[in-house]
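Below, chains carry the letters A, B, ... as their sequence lines are ordered, and counting in each starts from 1. Small disclaimer: the values here were computed from a predicted structure and weren't measured.
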There are 4 protein chains.
Amino acid sequence: MQADPRDERRKQIMEAALPVFAANGFHGTSNRAIASAAGIAPGLIYWYFKNKEDLFTTILDTYAPFSRIAIPFATLAEVPPQVVLPRLVARIAELMTDRRTLLVMRLLIAETITNPDAGLRLNSMVKSILDPLAEYLRGQIARGRLRDGEALLMAQTVISMTVFFLIRRVVGQDADLLAYTIDDFSIFLVATFMAAYGA
Amino acid sequence: MQADPRDERRKQIMEAALPVFAANGFHGTSNRAIASAAGIAPGLIYWYFKNKEDLFTTILDTYAPFSRIAIPFATLAEVPPQVVLPRLVARIAELMTDRRTLLVMRLLIAETITNPDAGLRLNSMVKSILDPLAEYLRGQIARGRLRDGEALLMAQTVISMTVFFLIRRVVGQDADLLAYTIDDFSIFLVATFMAAYGA
Amino acid sequence: MQADPRDERRKQIMEAALPVFAANGFHGTSNRAIASAAGIAPGLIYWYFKNKEDLFTTILDTYAPFSRIAIPFATLAEVPPQVVLPRLVARIAELMTDRRTLLVMRLLIAETITNPDAGLRLNSMVKSILDPLAEYLRGQIARGRLRDGEALLMAQTVISMTVFFLIRRVVGQDADLLAYTIDDFSIFLVATFMAAYGA
Amino acid sequence: MQADPRDERRKQIMEAALPVFAANGFHGTSNRAIASAAGIAPGLIYWYFKNKEDLFTTILDTYAPFSRIAIPFATLAEVPPQVVLPRLVARIAELMTDRRTLLVMRLLIAETITNPDAGLRLNSMVKSILDPLAEYLRGQIARGRLRDGEALLMAQTVISMTVFFLIRRVVGQDADLLAYTIDDFSIFLVATFMAAYGA
DNA sequence: CATGAATGAGCGTTCATTCAT
DNA sequence: AATGAATGAACGCTCATTCAT
């Protein structure tokens, strides 16, 4: 039950570094800034991480919501989209209000410009929702609940609408969108989806 | 009618600096690299710009594709969505394959992380397409071509699907999406849209 | 008769540190490297030595091959140079192929540059062979085996030739000199010496 | 006639750096120390040299007395050793009283321990005297002025005696050797050499 | 005694910025 | 206007040294 003190320190540094990286990017963040945010001496970072990049990628690996996004689509094969989609929206909304997830996503998006690795991570993050969802939709088509069509593009419709809405409403606090709750949006999404792709 | 030589030089520096900034980010770009790209001595930058940051924000202010995205929706009130939407997709695709626009957008997105100002700029860019489109859709509803509904969310459906597709296909060169052409997507979008919101 | 455990540890550290210092120099050797070579924690060095420099100079003081080079010339007064000189060459060669002696000599020579003290040490080391040898040669002159002359310069002839040969052959592994064995050289030295200075 | 100002600065830095390197070795010398010795800002070193190592090797290349040691043995084929050897001694003595030559040699000797490159330089320096001298001696053997024998070892006899004497007398200021002038030594060397190897 | 985490000064190097020319 | 040498602060990182345990 006792936490490994070495892991404690690593975590402390990573949690202090994440917002600094997110605010200034990788190159814009100095080790001294990280150390000061973590309340430690700069040299100590190197006791726990090989170098600045190791700290950075470890943060991404640890906090990037890759697998955590996944909905257990496999167990939902019999559940209709009218139930699954709101659950997916709720799950993504939940993740996008998590401070750390949001910071990592910001970071990934910003770093994509300079760092091909970040781009790959971002894309694989997107795929990790998109592909299982498309697979689920193919199952629904087979079950006759949806019209035959391009499941990948259907999945993209769902994800793009959801992410776009959440970014503008939750993250951007856009005035026009604050008129809609996440439930409002969920209902709108299901209506759009079923009208467009329902059997 | 004679171009101010001072402005000529400023433009020369900005155009040379833009791709360098876009490739390496603000922190990753040195004045020496900019000067070398512009074919001038590093010191000269300071004759035309207060400092590196001034050069950077001036570039964003100058090249951000605010209004250029706009479609003349006012003159299209009688044209049905089946015609207008593909035109919109084509216009956005055109912008997103324009080298300079893409570079500035990359920078804007990356800067959004660091600089709240850039976030506002980006949102106002999105609004400058979204609002006229929503207005057009309200007109179509009034004309009985679309079912009654939340025009702003309908507009978001269009824009989010389009931008998401283009980012993943054109910018990200995602392997799965290279199977679809922009025309394929246009057809899919219109079908989705009309089935979902058509009268 | 029991070895002081404190001295045991000191010796352990010094013996581990010597080859590391010899391979990388004082500045090129980190305490971490020494500790790791000695199989102890870095902090422990400071329990046995004031600091890195103290450890270094203690090593030099302890292992410098001052007196060990000495040949018992006093007992050889009746033995002719033809016998004594090869024995001297062999002794010096033996020392210069002893790993630890060589390491210390390397360090001493290198330190001579930085530290005037080391220069004195080195000179006194040279004198400790040169002076007894000159004294022996004076005896040989008195015995009529050698022509009258400057015994000190004669002694220097012997030592300089020997050391120069051994450094270039044994230490430097110079290709040209690998053609000659130490015995070859010994014969050459005696021939040169006796032809030059023999009665 | 006008000196290139760029070369002036390079020379200034190199001349300031040489004694600092010679006193502390490569690793023991900081760029700040060099800059301060040269009276410039640390960053400026990098305007004139790629990095610290480039500065270091450029100094060695520039000041190492490789070719400058060479005596024109080719033109001296007819001149007997009795004349040539004193000239050689004088030349080496001259070099070894040159401040810069001495510093470079110190540096090379000290660096040899850590830096194989320095060892190679040192050896090639030695060879650049030894080999032409051996060649000259072979010529003298052919001319019947010297007995047949190992020319390389004869040459080593000359060089080792000379260098050993000069280091102890001129560099080390050894008390015993101050009794002898360089001319004294020259006479002793010629006598030794001709008695040992003369025809 | 012994450990190894922690410190902070200092390293080689880069780079935004200034300034004499 | 324009150059490019020069500055010096700051960077990522290493390491001698200290110290709580």
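Of the residues in residues 13-21 of chain C, not one comes within less than 4.0 Å of DNA chain E through any heavy atom.
The CG atom of Asp7(C) sits 11 Å away from the P atom of dC1(E) (whole-angstrom rounding). If you take CD1 of Ile45(D) and P of dT7(F), they are 11 Å apart, rounded to a whole angstrom. For the pair Ile34(A) CD1 and dT7(E) P, the computed distance is 15 Å after rounding to whole Å. Counting to the nearest Å, the C1' atom of dA2(F) and the CD atom of Glu8(B) are 17 Å from each other. In this structure, Leu55(A) places its CG atom 10 Å from P of dC13(F), rounding to the nearest Å. Remark: C1' of dA1(F) and CZ of Arg10(B) are 15 Å apart, rounded to the nearest angstrom.
Taking the side chain to side chain contact (heavy atoms under 4.5 Å, CB included) definition, one finds that Pro42(B) meets it with Ala35(B), sequence neighbours left out. Residues passing the side-chain hydrogen bond (donor to acceptor under 3.5 Å, both in side chains) test with Glu15(B), sequence neighbours excluded: Tyr63(B), Arg100(B). Checked against side-chain hydrogen bond (donor to acceptor under 3.5 Å, both in side chains), Thr29(C) has no partners two or more places apart in sequence or in another chain. Every residue meeting the side-chain hydrogen bond (donor to acceptor under 3.5 Å, both in side chains) condition with Asp54(C), not counting sequence neighbours, appears here in chain and number order: Thr58(C). When the side-chain hydrogen bond (donor to acceptor under 3.5 Å, both in side chains) test is applied to Arg9(D), the partners found at least two apart in sequence or on another chain are Gln12(D). Applying the side chain to side chain contact (heavy atoms under 4.5 Å, CB included) criterion to Leu103(B), with sequence neighbours excluded, gives Leu18(B), Pro19(B), Ala22(B), Arg99(B). For Ala23(A), the side chain to side chain contact (heavy atoms under 4.5 Å, CB included) test picks out no residue, with sequence neighbours left out.
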What string of B, S and - do you get for nucleotides 11-21 of chain E, 5' to 3', when a contact is any protein heavy atom under 4.0 Å? SBBB-SBB---

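Each of dT7(E), dA6(F), dT3(E) was ranked by its minimum atom distance to the side chain of Ile40(C); first place goes to dT3(E).
Projected onto DNA chain F by closest heavy-atom contact, Gly39(D) and Ala41(B) fall at different nucleotides, the more 5' of which corresponds to Ala41(B).
Looking at heavy-atom distances under 4.0 Å, Tyr48(D) makes contact with sugar-phosphate atoms alone, never a base.
Residues in residues 107-119 of chain D take part in these salt bridge (charged side-chain N to carboxylate O under 4.0 Å, His left out) pairs, two or more places apart or across chains: Asp117(D)-Arg121(D). Legend: ring pair (Phe, Tyr, Trp, His ring centres under 6.0 Å) pairs involving residues 30-52 of chain B, not counting sequence neighbours: none detected.
Side-chain atoms of Met96(C) and Thr101(C), non-hydrogen and from C-beta on, never get closer than 4.5 Å to each other.
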Report the secondary structure of DNA chain E in dot-bracket form, marking unpaired bases with a dot and bases paired to a different strand with |, and treating Watson-Crick or G-U pairs with both distances under 3.5 Å as paired. .||||||||||||||||||||

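Using cut-offs of 30° and 60° for the angle between ring planes, the Phe56(D) and Phe21(D) rings count as perpendicular.
Remark: Arg6(B) is not in phosphate contact with dA1(F), judged by side-chain N or O atoms under 4.0 Å from OP1 or OP2.
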